[in-house]
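A quick write-up on the structure given underneath.
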Number of protein chains: 2
Amino acid sequence: MVASPPSSNPAAHARLADLDAPAFSPLYQQIKTLIVRSLQAAEWKPGEAIPSEIELASRFKVSQGTVRKAIDELATENLLVRRQGKGTFVATHAEQNVQFRFLRLTPDGGEAAGAQRRFIDCRRLRAPSDIARALNLKPGDTVVQVRRVLSFRGSPVVLDDIWLPGQLFKGLTAEKLSEYRGPMYGLFETEFGVRMIRAEEKIRAVAADDGAAQLLDIAMGTALLSVERLSLTYDDKPVELRRGLYNTMSHHYRNELS
Amino acid sequence: MVASPPSSNPAAHARLADLDAPAFSPLYQQIKTLIVRSLQAAEWKPGEAIPSEIELASRFKVSQGTVRKAIDELATENLLVRRQGKGTFVATHAEQNVQFRFLRLTPDGGEAAGAQRRFIDCRRLRAPSDIARALNLKPGDTVVQVRRVLSFRGSPVVLDDIWLPGQLFKGLTAEKLSEYRGPMYGLFETEFGVRMIRAEEKIRAVAADDGAAQLLDIAMGTALLSVERLSLTYDDKPVELRRGLYNTMSHHYRNELS
DNA sequence: GAGTGGTCTAGACCACTGA
DNA sequence: CAGTGGTCTAGACCACTCG
């Protein structure tokens, strides 16, 4: 792999000497990078199987163990999913079992129920400066703004305002959003080829303003959770900014620390 | 290790046949369990080095690779910390660099500053029923309750109410809390031998009541983040319940999703 | 230089899946 | 049954730390 002589063991670290003064990078890291590139180039699509470890090992001219270590890390980063006996698959948001992978809201009682979605708005506009900055766009670039409400057992609980780079989401309409079954990020994958890899959230407590109060069917001034999410795709490129208001009367945001 | 013949490779899986109908458990999992037991028994204390991989391998009669895999997982679970060239160490809260490992509050500007602590109260009492339930205590067991305020740059930001099982925290006083330099969990480790391994948080938005408003120097009714944390030690045994109120005017709770 | 963790290989065998 | 990932071993060598 990567300009390495075809010989065996000792060659692995020889790469170090080839270059000027590069940071040393283990083989399995380089393999990781190559695999991510293939994912990025959609050589294998979400939900599909990638080549077997043995095949990848022979392709990259390294041992199976090295490929294993690379895949192991990609699996713990949730980019890949291993299934014993079947293969290794590209992770996807478009599956039932991983629904709401990014939604940390849980009913106080315990059992998570399905959500009803209602799309209030979907329009294209020039990005406000704060949005543009967060999404790494030039001022004046167009963004798609989506506004929606999530309800559980008939009660509105979440009000989301979502901004997406217009460049990447050409042809996104309220109709498409409404028609699609499954999580929104699934639609983004299949329709626009945009995969959300990870996200950073900033959480605050705020008082409901008039508009939020009406849409969430609560009194103005009610304390709400404000969740600002920046979603990133490969190479940590930001592709979604989302501002959510959560009514936490009968739900809570759960988090695990370790 | 574990009733295994001293022979080499094929013996590893023989354990499967030894027992009735046990769930198959890989060797490295069993090693993990043994290491955790030693941690639990304080055979190695927080901050200390555990034996080298080679030594553990010979002790458990397995290969170094198997020990490595066990330690790898314990390291990603933050029970151990690897330091190349030096050894593997028992993770600890009593260190500068991991201060606030469990406090996800960040100033909006960016730079995290040191916190000033002020202890308002530290008393022993019979556990209220909800506290007892959460901590897995019998009704009527005594708990230690601590109330404190954290300030940043002179402004009060966090009001914490903390409940601890009285059984485990004999002799905990406001004075000890005030005197101790470093994070509270560091004191718990060194003074009481209680190690916080992981925690679950439930987050809500609430309105400040009179008492909280005064202590946090804000108007009554201000929206606050309510963070209820249940901290667990080995074997997922709950050892702390904490109810925090965070003023998020100039700070936010940050979270990473993946 | 000795001792530690980190990387890499090669090969054996086990567990699971699906044709 | 063949093919996949999962476990385990043994041995070599590299990178880092510290005396």
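Below, read A as the first sequence line, B as the second, and so on, with proteins coming before strands; counting in each chain starts at 1.
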Taking the side chain from A:Arg101 and the backbone from A:Thr92, do they hold a donor-acceptor pair closer than 3.5 Å?
->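 Flag not set: sc A:Arg101 to bb A:Thr92 has no pair under 3.5 Å.
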Is there a donor-acceptor contact under 3.5 Å from the side chain of B:Arg83 to the main chain of B:Thr88?
->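 No, because the side chain of B:Arg83 does not come within donor-acceptor range (under 3.5 Å) of the backbone of B:Thr88.
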Can you list the residues that meet the salt bridge (charged side-chain N to carboxylate O under 4.0 Å, His left out) rule with A:Arg82, with sequence neighbours excluded?
->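 For A:Arg82, the residues satisfying salt bridge (charged side-chain N to carboxylate O under 4.0 Å, His left out) (neighbours in sequence not counted) are A:Glu53, A:Asp72.
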Would you jot down, in residue-number order, the residues of residues 65-76 of chain B having a non-hydrogen atom under 4.0 Å from DNA chain C?
->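 Heavy-atom cutoff 4.0 Å gives B:Arg68.
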What residues in residues 47-57 of chain B put a non-hydrogen atom under 4.0 Å from any atom of DNA chain C?
->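 Per residue number, the list reads B:Ser52, B:Glu53.
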The side chain of B:Val62 lies closest to which of these nucleotides: C:dG6, C:dT7, D:dT9?
->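 The listed nucleotide nearest to B:Val62's side chain is D:dT9.
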Does the side chain of A:Glu201 pick up a donor-acceptor pair with the side chain of A:Tyr253 at under 3.5 Å?
->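 On atom types as modelled, these side chains qualify, holding a pair under 3.5 Å.
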With sequence neighbours excluded, residues passing side chain to side chain donor-acceptor pair (under 3.5 Å) with [X]:
X: A:Gln29; result: none
X: B:Arg104; result: B:Asn255
X: B:Glu73; result: B:Lys32
X: A:Lys202; result: none

Using rotation axes that map the C1' atoms of four end pairs onto the next four (five pairs an end), what angle separates the end axes of the helix from C:dG1-D:dC18 to C:dG18-D:dC1, to 10°?
->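 For the helix from C:dG1-D:dC18 to C:dG18-D:dC1, the axes at opposite ends meet at about 20°.
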I need the [atom1]-[atom2] distance between [X] and [N], as an integer number of Å.
X: B:Leu80; N: C:dG5; atom1: CG; atom2: P; answer: 11 Å
X: A:Phe24; N: C:dT7; atom1: CZ; atom2: P; answer: 7 Å
X: A:Arg82; N: D:dT7; atom1: CZ; atom2: C1'; answer: 12 Å
X: A:Arg83; N: D:dG3; atom1: CZ; atom2: C1'; answer: 16 Å
X: A:Phe60; N: C:dC8; atom1: CZ; atom2: C1'; answer: 16 Å
X: A:Gln30; N: C:dT7; atom1: CD; atom2: C1'; answer: 12 Å
X: B:Gln29; N: C:dA15; atom1: CD; atom2: P; answer: 15 Å
X: A:Phe89; N: C:dG18; atom1: CZ; atom2: C1'; answer: 12 Å

Pick out the pairs of N or O atoms, protein on one side and nucleotides 17-19 of chain D on the other, that lie under 3.5 Å.
{"unit_1": "D:dC18", "atom_1": "OP1", "unit_2": "B:Lys86", "atom_2": "NZ", "d": "3.3"}

With sequence neighbours excluded, tell me which residues meet ring-ring contact (aromatic ring centres under 6.0 Å, His included) with [X].
X: A:Phe192; value: A:Phe169
X: B:Tyr185; value: B:His93, B:Phe102, B:Phe188
X: A:Tyr246; value: none

Non-hydrogen side-chain atoms of B:Lys237 and B:Leu168 separated by less than 4.5 Å |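 Yes, at least one pair of side-chain atoms sits under 4.5 Å.
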